[in-house]
Amino acid sequence: MRFHQLRGQTTVEFAFAGIWLILLMMAVLCFGFITFQKSSFDYQVSHMADELPSGWESMDAKRVVKSCVAAASGLSEDDIEVNSAEIHLEDKGSTDLGNSTAVQLGSELKTTAASYLDISADITVHLGRGIGLAGNGGIPYRRSVRQSFTVERRWEVA
């Protein structure tokens, strides 16, 4: 007994099943791309800007954080939303840093001073903007950011 297939039946069946297959492949690709963006952003922000933006003393905390994160991640400052930010400047009037260097030079360390800036903030960025399944607004990703900077060190050797 022979089975007679109707002409084009396979094509029509694939058209119905193919839509779901293509949709599934697009979802996997979008998920992979957004995961890559998240990992890349996390790495870049964990190695946040090596230097503070010029004029940071006169900026508010949110502006300093936005500037540092934008410099580290390559994102536009418009894509970064700072939910909360804190800046703490700590002056250490006297430290032992540099004493071994002074002794090697045959001198003694008279005074030292150091200033450290600690930044902590909660930020939101939108990953996958403009990608099909993520939508135009993207997927919001919230992250906590902490970074310390050495602002100034001074040694007076006699």
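Note that the numbering runs from 1 along the sequence shown for the chain.
A donor-acceptor pair is defined here as one N or O able to donate and one able to accept, closer than 3.5 Å; such a pair exists between the side chain of Ser46 and the backbone of Tyr43. With hydrogens and angles ignored, the 3.5 Å screen pairs a side-chain donor or acceptor of Thr35 with a backbone N or O of Phe31. With hydrogens and angles ignored, the 3.5 Å screen pairs a side-chain donor or acceptor of Ser58 with a backbone N or O of Gly55.
Within the 4.5 Å cutoff, side-chain heavy atoms of Pro53 are placed close to those of Met59. Contact check for Cys68 versus Val65: no side-chain heavy atoms found under the 4.5 Å cut-off. In this structure, Ser73 and Phe41 have side chains that are in contact, with non-hydrogen atoms separated by less than 4.5 Å. Using a 4.5 Å cut-off on side-chain heavy atoms (C-beta onward), Asp42 and Lys38 make contact. Using a 4.5 Å heavy-atom threshold, the side chains of Thr124 and Tyr141 count as separate.
When all heavy atoms are compared, the tightest approach of Trp56 to Leu89 is CH2-CD1, 4.4 Å. Here the shortest heavy-atom pairing between Asn83 and Lys62 reads O-NZ, 3.5 Å. Closest of all the heavy-atom pairs between Ala61 and Ile87 is CA-CD1, 3.6 Å.
Here CE of Met25 is found 11.5 Å from SG of Cys30. Values are rounded to the nearest 0.5 Å. Considering CG of Asp79 and CG of Leu127, their distance stands at 10.0 Å, rounded to 0.5 Å. Taking NE2 from His126 and CD1 from Ile139, the interatomic distance works out to 11.0 Å, rounded to the nearest 0.5 Å.
Atom CD of Glu81 sits in a crowded spot, with more than 12 heavy atoms from other residues, nucleotides or ligands closer than 6.0 Å.
Contacts classified as salt bridge (Lys or Arg N to Asp or Glu O under 4.0 Å) and involving residues 63-74 (residues at least two apart or in different chains) are given here: Arg63-Glu77.
For the side chain to side chain contact (heavy atoms under 4.5 Å, CB included) test, residues two or more places apart in sequence or in another chain that qualify with Ser144 are Asp122, Arg146.
Remark: of the listed residues Val45, Leu75, Val69, Leu75 is the sole one forming a side-chain contact (heavy atoms from CB on, under 4.5 Å) with Val125.
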